Each structure stands twice: as C-alpha cells, then as structure tokens.
A.B. asks: 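Please see the structure below; I have some questions.
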Amino acid sequence: MIIAIDGPEASGKGTVAKLIAKKYKLRHLDSGLLYRLTGVNLLDQGITDDTTDTFVTAAISAANQITAEDLDNPPNNIRSMGVGINASKVAVIPDVRDILTAIQQNIATKKPGAVIDGRDIGTVVFPNADFKFWITASLEHRAKRRFLDYQASGRKDTLEEVTQAIKDRDYRDRNRAASPMKKADDAHLIDTSKMSIDAVIEALSTYINAKLANRVGKGQSQ
Ligand code: CDP
C-alpha cells in the first residue's frame, strides 16, 4: 500500500505522514530528507551558487552517493533553513530528481508499503498511489509553525525571515520545470490552518477507511 502526502513547506505533512504510517503499520519515507541530504553535502563543501555548473555536477554526484542508511543518520543541521534552501536548489535539477525518485520507488515498494511525504509523490513518484493527499495551510500559519520549530531548537531567525524564506521556497518549488510542486487532480485536499494534529489524522483516517471499506465491499460483491 502506498499513501502519497504532498504539500508545501510547513503544512504539517511530515508530522501527519509519520503518524499515519504508525497507525496503518507502514514504513514512513520523508522524501524531502533525500533532497536535504543532497543539499547539505553541497553546503558542507561551501557550494551554494546554483547558477554555476559546479553546483549541478556536485549535486548529481551527491545524490548518487546517498544510501538508504543515510536516511537513518542525518546530520544535526539537516532541518536548518540553509539546508532547506539548498535542498530546494538541488531539487530543480532533473538528473538529481531522477536519482532520488528511483531511491524512493525502491524503498517504498518493499513490504509492507509506505507513507511518503513530499512535493511530487502523487504526481510523479507514485502516480498510481492507493491514496493521495494534498496537505496545505495558509502562509501565515505555516510561517508561525516553522518559526516555533526554529525557536524550540534554539535558532534565532525572526518571523519575518522565516516567512520570506517560505515564500521563496514555495516560489522555487512551484515554478521549476522538473516535477513542480502541485496537487494531483485526484488528491484529497486538507487545509490544516485551523486544525489540530489529531483532527488532521482523523480526517485522513476517515477518508482512508471509507475507501478501504468500499474496496472490500466491491470485492465481496464480485
Ligand atoms: O519539511 P519541509 O516542508 O520544510 O521540506 P522538505 O520536505 O524537507 O523538502 C525540502 C525541499 O526539498 C523542498 O523545498 C523541495 O524543494 C525539495 N523536495 C522536492 O523537490 N520534492 C520532494 N518530493 C521533496 C522535497
């Protein structure tokens, strides 16, 4: 079983994906982590200028070096704003996307299946996923959440800086030519702006259970 959960930065999709994976006893795969691992590798080498050929070559090489084990041991700064920005810069490179898409397909199709969160899971990585969700929230709510995450981890970015960084990343993710961030036509949309995590889990579970019951019903009547 494959459950695809896509959406913009700080919409809550990562938290939700983790909890839904636990509930349905599936693997959880955070596809953004693959882009972040590629981005942090470049950052460690001091490569951040995405207008250069060096950036593209180094990004492809970094993506090729990623192993499934790296996902279990990411570096401490993996969630930082700088790594997020570099992740969205490597994410525009088609060869990088192809390499990381193959890793995702390989991991997620192993039994018992997976909940994968990202930007292009329902559109490109698993267009035939059993369930597709688009999790979103207003810019204001997303910025506040990310600001609180950063504060909790001792980082000093202001709310204005966090809001601007989210706007820039949204723009890059939505407007890139290769697999831009977008809702799949058949994805179920949930706006989490005014919802608690429990309420979001409830909404996804209700949708999943109804569809599963429908499948069983159809199977029995055949
Ligand atoms: O957790 P957050 O929403 O901040 O971002 P993330 O899921 O860790 O992803 C970091 C960046 O990787 C995104 O801004 C995208 O540019 C890129 N990404 C992507 O292009 N496709 C994916 N399936 C996942 C992430």
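Numbering of ligands and ligand atoms starts at 1, following listing order. Here the structure is a predicted model, which means the values were calculated and not measured.
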A.B. asks: Among protein heavy atoms, which lies nearest atom 10 (C) of ligand 1, and at what distance?
C.D. replies: R169 NH1, 3.3 Å
A.B. asks: Between CG of N41 and CZ of R36, what distance do you get to the nearest 0.5 Å?
C.D. replies: 15.0 Å
A.B. asks: Are any of the N/O atoms on Y35, whether in the backbone or the side chain, positioned under 3.5 angstrom from an N/O atom of ligand 1?
C.D. replies: no
A.B. asks: At the 4.0 Å heavy-atom cut-off, does M181 count as touching ligand 1?
C.D. replies: no
A.B. asks: So which bit of R176 gets within less than 4.0 Å of ligand 1, heavy atoms only: side chain, backbone, both or neither?
C.D. replies: side chain
A.B. asks: So which heavy atom in the protein is nearest atom 24 (C) of ligand 1, and how far is it from that ligand atom?
C.D. replies: S31 OG, 3.3 Å
A.B. asks: Within a strict 4.5 Å, meaning less than it, do heavy atoms of the D157 and F147 side chains meet?
C.D. replies: no
A.B. asks: Can you tell me how far apart CG (L71) and CG (L34) are? Round to the nearest 0.5 Å.
C.D. replies: 5.0 Å
A.B. asks: Would you mind telling me if ligand 1 is within reach of the side chain of R172, the backbone, both or neither, using heavy atoms under 4.0 Å?
C.D. replies: neither
A.B. asks: Test your reading of the structure: does Q104 have an N or O sitting under 3.5 Å from an N or O of ligand 1?
C.D. replies: no
A.B. asks: Tell me whether R97 is salt-bridged to D120, with the criterion being a basic N under 4.0 Å from an acidic carboxylate O.
C.D. replies: yes
A.B. asks: Tell me whether Y171 shares a hydrophobic cluster with L139, the cluster being built from Ile, Leu, Val, Met, Phe, Trp, Tyr side chains joined at under 4.5 Å.
C.D. replies: no
A.B. asks: To check your reading of the model: name the closest protein heavy atom to atom 8 (O) of ligand 1, its residue, and the distance in Å.
C.D. replies: R36 NE, 2.6 Å
A.B. asks: Which word best sums up how the rings of H188 and F133 line up, parallel for under 30°, tilted for 30 to 60°, or perpendicular for over 60°?
C.D. replies: perpendicular
A.B. asks: Taking 4.0 angstrom as the limit, do D6 and R119 come out as a salt bridge?
C.D. replies: no
A.B. asks: Of the options R142, R146, K167, which is the one that meets E9 in a side chain to side chain donor-acceptor pair (under 3.5 Å)?
C.D. replies: R146
A.B. asks: Would you kindly specify which portion of S11 sits under 4.0 Å from ligand 1, judged on non-hydrogen atoms: side chain, backbone, both or neither?
C.D. replies: neither
A.B. asks: Among H28, K18, K13, find the one that has a side chain to side chain donor-acceptor pair (under 3.5 Å) with D117.
C.D. replies: H28
A.B. asks: Does only the side chain of R142 get under 4.0 Å from ligand 1, or the backbone, or both, or neither? Count heavy atoms.
C.D. replies: neither
A.B. asks: Check R146 against ligand 1 and report side chain, backbone, both or neither, counting heavy atoms closer than 4.0 Å.
C.D. replies: side chain
A.B. asks: What protein heavy atom is closest to atom 9 (O) of ligand 1, reported as residue, atom name and distance in Å?
C.D. replies: G32 CA, 3.6 Å
A.B. asks: Among all protein heavy atoms, pick out the one at the shortest distance from atom 15 (C) of ligand 1; state its residue, atom name and that distance to 0.1 Å.
C.D. replies: D173 OD1, 3.3 Å
A.B. asks: Which atom pair, heavy atoms only, marks the closest approach of D191 to S138?
C.D. replies: OD1-N, 4.4 Å
A.B. asks: Judged by non-hydrogen atoms, does R79 sit under 4.0 Å from ligand 1?
C.D. replies: yes
A.B. asks: Can you tell me which residue and heavy atom of the protein come closest to atom 3 (O) of ligand 1, and the distance to 0.1 Å?
C.D. replies: K13 NZ, 2.8 Å
A.B. asks: Indicate whether any N or O donor in one side chain lies under 3.5 Å from an N or O acceptor in the other, for T192 and R145.
C.D. replies: yes
A.B. asks: With atom 23 (N) of ligand 1 as the reference point, say which of L34, T123, D120 has the nearest heavy atom.
C.D. replies: D120
A.B. asks: Could you tell me, atom by atom, which parts of ligand 1 come under 4.0 Å of a heavy atom of A10?
C.D. replies: 3 (O)
A.B. asks: Suppose we measure from atom 7 (O) of ligand 1 to each protein heavy atom; which comes out shortest, and what is that distance?
C.D. replies: R119 NH1, 3.3 Å
A.B. asks: Restricting to side chain to side chain contact (heavy atoms under 4.5 Å, CB included), what partner residues turn up for V56, sequence neighbours left out?
C.D. replies: I60, I93
A.B. asks: Among the heavy atoms of G14, does any lie under 4.0 Å from an atom of ligand 1?
C.D. replies: no
A.B. asks: Heavy-atom distances under 4.0 Å are what count here, so tell me which part of E9 touches ligand 1: side chain, backbone, both or neither.
C.D. replies: both
A.B. asks: Checking D168 against K89 for the salt bridge (Lys or Arg N to Asp or Glu O under 4.0 Å) test, could you report, in this order, the C-alpha distance in whole Å, the side-chain angles of both residues, the deciding distance, and whether it holds?
C.D. replies: CA-CA 11 Å; D168 292 347; K89 289 182 182 174; over 6 Å; no
A.B. asks: I'd like to know if R97 contacts ligand 1, where contact means a heavy-atom distance under 4.0 Å to any ligand atom.
C.D. replies: yes
A.B. asks: For A91, take its heavy atoms, then give the atoms of ligand 1 lying under 4.0 Å from any of them.
C.D. replies: 16 (O), 17 (C), 20 (O)
